[in-house]
Amino acid sequence: MTPRPNSGRARRANAERRIRRILSGAACCLLAAVALLSAATSRDAFASDIPRFEVDASWPKPLPNNWILGQVGGITVDSQGHIWLIHRPRSLTDDEKGAALTPPRSKCCVSAPPVLEFDVEGNMLRAWGGPGTGYEWVGREHGIEVDEKGFVWIGGNADNDNAILKFTLDGKFVMQIGSIAPSKGSNDTAQLGKPAETAIDKDANEIYVADGYGNRRVIVFDATTGTYKRHWGAYGKPPNDDKQAAYDPKAPVSQQFGNPVHCVKIAADGLVYVCDRINNRVQVFKKDGTFVKEWFYEKNTLGNGAIWDIAIWPNPAQSYLLSADGENNEVRILKRDDGSVVGSFGRNGRNAGQFHWVHALAVDQKGNVYTAEVDTGKRIQKFKLTSDALR
């Protein structure tokens with residue numbers, strides 16, 4: 001048979017076309033693989049940026065002196081990285097404080113003093129508090145803050161606990177704002193209303209008070225003199241003490257804070273975060289009380305509400321907020337810019353890492369989180385950072 005003209009050239013052309021198709025397919029596969037790898041890497045990088053934790057079941061170390069903790073009404077971290085708490089000795093039952101009874105009921109235990117300081121390893125460093133000369137101690141301990149000048153601020157939420165007290169680190173009384181006496185309402189500028197928590201603005205030398213279980217406001221004082229500066233209620237409006245209906249997730253949102261106004265925190269950019277616990281919301285303000293925005297969480301939560309405390313994440317941008325929820329017994333991790341939930345840990349229970357009425361929380365500069373429980377929880381826990389979230 002006589003070969004057709006140019007048959008070799010045709011075969012070469014066909015072969016080249018097949019090679020191009022193969023190479024093109026391989027290139028597409030390679031690009032797809034690179035895209036998938038890039039997306040996975042991006043997801044992994046984002047995931048590593050989110051704070052994640054594991055409980056340190058060995059923290060804190062056993063208390064000395066046969067001491068035991070009652071309900072822990074507040075917890076904070078000072079500028080040295082030490083952990084301070086305030087607990088409620090009067091919340092201990094007879095079987096818990098059996099050694100303190102007359103005659104003793106059992107070998108253990110006696111109440112620790114109300115204020116305790118620990119280091120990051122869980123060693124107790126000092127303890128003090130209770131009634132003393134020159135001041136009236138609160139009836140039910142609630143909230144603690146340690147400022148960078150070395151002063152400890154505490155409050156209470158019993159019926160007449162309408163004051164905050166200022167002490168040195170060793171427990172020497174310095175100053176009192178308000179008095180242990182009946183409240184005068186949410187627009188009085190001297191008396192408080194069962195304050196829940198305080199926060200210090202070190203640059204302005206001001207103390208902000210989440211005020212509180214009786215009043216419905218944030219109120220600000222000079223941190224040295226106790227002079228009144230300003231106050232505001234929900235949405236930056238004047239507060240009132242009119243009787244409020246019980247929280248209803250189907251009702252229009254309340255124009256007033258509920259009781260308690262349970263926390264106040266100040267970010268480095270000047271935003272002020274307030275826990276409106278029963279109304280299941282965080283409200284955000286400027287330092288002058290101008291309302292900025294609000295976020296709602298677990299809006300169907302009844303009982304004691306879903307927003308108990310907030311801690312600000314310690315990376316340079318303060319990218320996250322941690323929020324304690326003592327009704328649902330979890331800690332949520334929120335993006336600070338938009339309030340979206342990116343993670344959580346904890347659940348109701350008695351084991352390490354679980355909670356019963358997680359009431360307050362704090363975070364140190366290394367990303368360790370410390371939690372405090374009330375009701376029958378009566379303990380503190382430490383959660384160690386396990387992700388790369390401090391950049």
Side-chain angles (χ1 to χ4, degrees), residues 50-89 91-92 96 108-129 141 143-146 152 154 169 308-315 320 322-326 329-333 343-390:
I50 297 173
R52 301 186 189 282
F53 307 92
E54 64 179 19
V55 66
D56 180 353
S58 65
W59 194 96
K61 295 179 181 177
L63 294 176
N65 307 320
N66 208 20
W67 284 348
I68 191 172
L69 294 178
Q71 297 173 359
V72 185
I75 194 165
T76 192
V77 176
D78 69 15
S79 59
Q80 305 302 310
H82 292 172
I83 300 91
W84 293 74
L85 67 85
I86 188 166
H87 83 106
R88 302 168 179 167
S91 70
L92 290 166
E96 292 171 322
C108 190
C109 299
V110 298
S111 174
V115 176
L116 295 93
E117 176 190 7
F118 295 85
D119 64 20
V120 70
E121 285 79 31
N123 300 297
M124 197 204 74
L125 303 178
R126 65 182 126 195
W128 50 265
E141 294 80 359
I144 186 168
E145 181 74 12
V146 182
V152 182
I154 68 105
L169 296 176
W308 292 46
D309 201 7
I310 284 173
I312 299 174
W313 192 242
N315 72 330
Y320 299 100
L322 306 179
S323 178
D325 178 346
N329 284 293
E330 66 179 10
V331 173
R332 285 184 287 273
I333 303 161
S344 67
F345 61 92
R347 51 148 285 183
N348 199 355
R350 304 289 183 179
N351 294 340
Q354 300 175 349
F355 302 116
H356 180 72
W357 282 34
V358 55
H359 183 258
L361 81 169
V363 59
D364 67 18
Q365 290 299 310
K366 296 180 179 179
N368 299 308
V369 174
Y370 304 89
T371 61
E373 295 168 55
V374 292
D375 193 55
T376 59
K378 298 180 181 177
R379 66 175 174 176
I380 53 177
Q381 297 191 78
K382 177 182 178 180
F383 296 81
K384 296 185 293 185
L385 179 67
T386 59
S387 61
D388 184 16
L390 288 177

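Side chains included, hydrogens not; waters and symmetry mates left out as well; all remaining heavy atoms used.
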Atom of [X], atom of [Y] and distance for their closest heavy-atom approach:
X      : Y      : result
Ala324 : Leu361 : CB-CD2, 3.7 Å
Ala362 : Ala311 : CA-CB, 4.3 Å
Ser111 : Pro89  : OG-CB, 3.1 Å
Glu373 : Gln354 : OE2-O, 3.9 Å
Ala360 : Asp309 : CA-OD2, 3.4 Å
Leu69  : Ala112 : CD2-CB, 4.4 Å

Does [X] reach the main-chain N or O of [Y] with its side chain, forming a donor-acceptor pair under 3.5 Å?
X      : Y      : result
Glu330 : Asp325 : no
Asp375 : Gly377 : no
His87  : Gly70  : yes
Lys382 : Val120 : yes
Arg88  : Glu141 : yes

Nearest 0.5 Å please: distance from the [atom1] atom of [X] over to the [atom2] atom of [Y].
X      : Y      : atom1 : atom2 : result
Arg379 : Leu85  : CZ    : CG    : 14.0 Å
Leu390 : Gln365 : CG    : CD    : 8.5 Å
Leu63  : Leu116 : CG    : CG    : 6.5 Å
Thr371 : Phe345 : OG1   : CZ    : 7.0 Å
Ser323 : Ile310 : OG    : CD1   : 5.5 Å
Thr386 : Arg52  : OG1   : CZ    : 8.0 Å

| The single option from Val369, Val363, Ile83, Asn368 passing side-chain contact (heavy atoms from CB on, under 4.5 Å) against Val77 | Ile83
| Checking side-chain contact (heavy atoms from CB on, under 4.5 Å) against Leu169, which of Val152, Leu125, Val115 comes through? | Val152
| query | Given Tyr370, which of Asp364, Asp56, Thr76 fulfils the side chain to side chain donor-acceptor pair (under 3.5 Å) condition? | reply | Asp364
Do [X] and [Y] have side chains that approach each other closer than 4.5 Å (heavy atoms only, starting at C-beta)?
X      : Y      : result
Ile333 : Leu322 : yes
Ile68  : Cys108 : no
Arg350 : His356 : yes
Lys378 : Glu96  : yes
Glu117 : Val146 : no
Leu385 : Phe53  : yes
Asn65  : Val110 : no
Phe383 : Val331 : no

| task | With side-chain contact (heavy atoms from CB on, under 4.5 Å) as the test, would you mind laying out the steps for Met124 and Trp67 before giving the verdict? | result | CA-CA 11 Å; Met124 197 204 74; Trp67 284 348; 3.5 Å; yes
| task | Over 60° means perpendicular and under 30° means parallel, so classify the ring planes of Trp308 and Trp357, tilted if in between. | result | perpendicular
| said: Classify the ring geometry of Tyr320 against Trp313: parallel below 30°, tilted from 30° to 60°, perpendicular beyond 60°. | reply: perpendicular
| Test side-chain contact (heavy atoms from CB on, under 4.5 Å) applied to Arg347 and Asn329, step by step | CA-CA 5 Å; Arg347 51 148 285 183; Asn329 284 293; over 6 Å; no
